[in-house]
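The structure under discussion appears below in the form of C-alpha cells.
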Amino acid sequence: MQIVETTSLLQDDSHLRKKEERRWTRSFPAALVGAIIIVATVTIFRGIGSRTQLTSKTTTRTFPSDFIWGAATSSYQIEGGAADGGRGPSIWDTFCQESKENCNGDLGDITDDHYHHWREDVQLMKALGLKAYRFSISWSRVLPTGMVNFETGDDDTNIEGVNHEGVEFYSKLINELLEANIIPFVTLYHWDLPQGLQDKYGGWEDRAIIEDFANYARVCFHFFGDRVKHWITINEGWTVAIHGYEEASNAPGLLGLDVGGTGDPYLVGHHLLLAHAAAVKVFREEGYTNDGKSVIGISNSGDFRFPLHAESVDDQEAASRAIEFQLGWMTDPVFLGDYPKSMRRILCDRLPTFSSDEIKLIMGSADFLGLNHYSSALASTPSQPPTWGGYWADQFVTLSNDPSWKKTAMGWNIAPQGATGILLWISNRYNNPNVYVTENGVACHDTHFEQSIHDSERIDYLEGYIKGFGEAMSEGVNLKGYFAWSLFDNFEWQYGLSKRFGIVYVNYTSLERTPKDSALWYQTIIDSNGDKLFSIP
C-alpha cells in the first residue's frame with residue numbers, strides 16, 4: 001500500500017528543498033492547454049458528483065453474482081521466517097537493519113509469522129467467507145540471489161538459483177487455498193527486491209533488472225501457473241519510485257537527483273513498466289494463457305483529486321495533472337502506449353522515452369487494472385512556482401483538505417466520494433477496462449486490544465468506500481472485485497508494527513489471530529454479495 005500524507009505533500013516537505021537552488025523555468029497558463037483537453041477535463045470532473053456526499057443512486061443490486069470479494073496481504077509484511085527455508089535477504093531487511101529510524105525500530109523478521117502459520121491462516125480466511133486472497137511472492141524466497149540460470153539442470157529440481165523450499169511453501173499455500181475454494185490472486189513484486197540485485201547493479205535503476213524480473217516471473221509461472229489463474233506483476237510502481245528513490249522513506253532509501261540525492265524515480269518507474277511488460281510477454285507467449293482462463297494485470301496507486309473550486313478550469317487541470325502524475329504515470333503506457341502528455345510537457349528529457357518496439361510490448365499489456373485506493377485531496381494551481389525541485393514540484397499542484405473530511409490514523413483524508421471519482425476517471429481515460437480494487441483499507445486510531453477489535457471506525461470507512469465503488473459500477477464501470485487491505489495487522493513498512501490496517505488483529509508476541517468486528521461485518525457483506533450495504537432483502 002502507499003505510504004503518503006496527501007494533505008501536505010507540497011507545502012511542508014522541507015527535506016525536498018535542501019541543497020536545491022534550481023530555477024523554475026516552466027509555467028502552465030490555461031491558454032497553453034488545448035481546447036479538447038479542457039473540455040475533456042471539465043467533463044470528467046463535472047461527472048463525478050459532489051465531493052461531500054454520495055448521490056445514492058444505487059437502489060438495486062449493485063454487485064453481479066460473479067463479483068469477487070477478497071482480502072490482501074504482501075510477503076514481507078506478514079511472512080516472517082526471514083532466515084528460514086533458504087530465503088535470501090531483501091532490500092527491506094537491509095533498510096530496516098540499517099537504522100532504527102527507518103522502520104520505527106522494528107524488523108520484518110517475524111511479523112505475523114505467516115510462513116509457519118499459513119495453514120491456520122487459510123482456515124481463518126475460509127471461516128470469514130473470503131472468495132479470493134491476494135498475496136505476493138517473495139522474490140528472494142524463490143530466487144535467493146534474484147537470478148536463475150535455466151541452462152543448468154535437466155529437470156525442475158536442479159535449476160540453478162531456484163530455492164525449492166520456497167517453491168514448496170507457495171505451492172502448499174496455493175493448494176490449501178484452492179482446497180478451501182479461495183481464488184489465489186498472486187502478485188509477483190510487492191517491493192521486497194532481492195538484496196543481491198541491489199548490490200549487483202543498483203536494482204530498479206539498471207535495465208538489467210528487466211530481464212531478471214522476466215526470468216523470475218517465468219519461474220513463478222512455471223511452478224504455479226497450473227493453479228494460479230490471476231496474476232499481478234508489479235504492485236504500486238509509483239510508491240517504489242517515489243518513496244524508494246525520491247523521498248528515501250522506503251527501501252532502498254535514496255533521495256532523488258533533484259532533491260540532493262542520487263535516486264532517479266522517473267528512470268525507476270520506466271524500468272518497472274518495462275519489467276511488467278516483459279513478464280506479460282513471457283506469460284502470453286510461453287503458453288500460460290492456453291487454458292483461456294488465466295489473466296494478468298498490474299496494480300497501481302490511485303488517489304483521487306477534486307478541483308478545489310469545481311468550476312475553475314485551472315483547478316480542474318491541476319486535479320487531472322495530479323492524478324496523471326500518480327496513477328497515469330504507471331497506467332497510461334499500459335493502456336495508451338506512452339506517459340501522460342502533461343508529464344512529457346513538464347519533464348521533457350528527464351522522462352525516459354519508449355522505443356517503437358517497447359511501445360508495442362507495453363501497450364495492451366494488462367488484462368485488467370488493479371487499483372489501490374485509500375484517500376483523496378483537493379487540488380489547485382499554485383499562485384507562484386515552487387522554489388525547489390523534485391517530483392512534488394514537477395507536477396505543479398497545491399494539495400489541500402476539505403474541512404468536513406475525517407482523517408485516518410495515517411493522517412489520510414476519508415472521502416468515499418473519491419472512490420467513485422477515481423473509477424470514473426479510469427473508465428473515461430482507458431475505455432472502461434476491467435478493474436479490481438486490489439487494496440482499500442484504513443489504519444484506525446486504536447491504542448489497545450479492545451479498541452482494536454471493536455473497530456467501528458474501520459467498518460464506517462469500508463462501508464463508505466465500498467458504496468462509493470458500487471456507485472461507480474452503477475454508472476457502468478467494469479469493477480470485477482474488491483480486496484480489503486489488509487487481512488491481517490502487519491508490518492507497515494517505514495511505520496513498522498505501529499499502524500494496524502488488518503480486519504484480523506495479530507498479537508505480535510503470541511501471534512494469536514483475533515477477527516475484529518470489521519472482519520465479521522465484512523463476512524456479512526460477502527454473504528449477501530453486497531446487498532446488506534443497500535438494505536436489499
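These numbers come from the heavy atoms of this one structure, side chains and all, not from hydrogens, waters or symmetry mates. The first residue in the sequence is number 1, and the count goes up from there.
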Exercise. Thinking salt bridges, do Asp106 and Lys100 make one under a 4.0 Å N-O criterion?
Worked result: no
Exercise. Would Asp84 and His116 count as having a side-chain donor-acceptor pair, cut-off 3.5 Å?
Worked result: yes
Exercise. Within the side chain of Arg284, is there an N or O that forms a donor-acceptor pair under 3.5 Å with the backbone of Thr289?
Worked result: no
For this session: Would you mind checking if Lys406 and Glu457 are paired as a salt bridge, meaning a charged N to carboxylate O distance below 4.0 Å?
Result: no
Exercise. Is a salt bridge present between Arg350 and Asp258, judged by a nitrogen-to-oxygen distance below 4.0 Å?
Worked result: yes
Problem set entry | Single hit among Tyr115, Phe135, Tyr170, Tyr189 for side-chain contact (heavy atoms from CB on, under 4.5 Å) with Ser75 | Tyr170
For this session: For Tyr482 and Asn440, test the side chains for any donor-to-acceptor distance below 3.5 angstrom and give the result as yes or no.
Result: yes
For this session: Tell me, with the steps shown, if Arg141 and Glu79 meet salt bridge (Lys or Arg N to Asp or Glu O under 4.0 Å).
Result: CA-CA 11 Å; Arg141 193 177 291 284; Glu79 279 186 8; 2.9 Å; yes
For this session: Please check if any side-chain donor atom of Thr447 sits under 3.5 Å from a side-chain acceptor atom of Gln451, or the reverse.
Result: yes
Exercise. Taking the six-membered ring of Phe150, is the NZ or CZ of Arg218 close enough (under 6.0 Å from the centre) and on axis enough (within 45°)?
Worked result: yes
Problem set entry | Short N-O contact, Lys172 and Glu168, less than 4.0 angstrom | yes
Problem set entry | N/O donor-acceptor pair under 3.5 Å between Asn235 side chain and Ser299 backbone | no
Exercise. Does any non-hydrogen side-chain atom of Asn300 lie less than 4.5 Å from one of Ile298?
Worked result: yes
For this session: Output yes when Asp212 and Arg207 qualify as a salt bridge under the 4.0 Å nitrogen-oxygen rule, no when they do not.
Result: no
Problem set entry | Ion pair check, Asp303 and Arg305, cut-off under 4.0 Å | yes
Exercise. Does the pair Glu165/Arg87 count as a salt bridge with the N-to-O cut at 4.0 Å?
Worked result: no
For this session: Output yes when Arg500 and Asp455 qualify as a salt bridge under the 4.0 Å nitrogen-oxygen rule, no when they do not.
Result: no
Exercise. Does Asn413 offer a backbone N or O that forms a donor-acceptor pair with the side chain of Ser375 under 3.5 Å?
Worked result: yes
Exercise. Is it true that a side-chain atom of Lys499 and a backbone atom of Ala409 form a donor plus acceptor pair closer than 3.5 Å?
Worked result: yes
Exercise. Under the 3.5 angstrom rule, does the side chain of Asp121 hit a backbone N or O of Arg119 as a donor-acceptor pair?
Worked result: no
Exercise. Is it true that Trp329 and Tyr266 have ring centroids separated by less than 6.0 Å?
Worked result: yes
Exercise. Does any donor atom in the side chain of Thr94 or Gln97 lie under 3.5 Å from an acceptor atom in the other side chain?
Worked result: no
For this session: Indicate, with yes or no, if the rings of Trp231 and Tyr288 have centres closer together than 6.0 Å.
Result: no
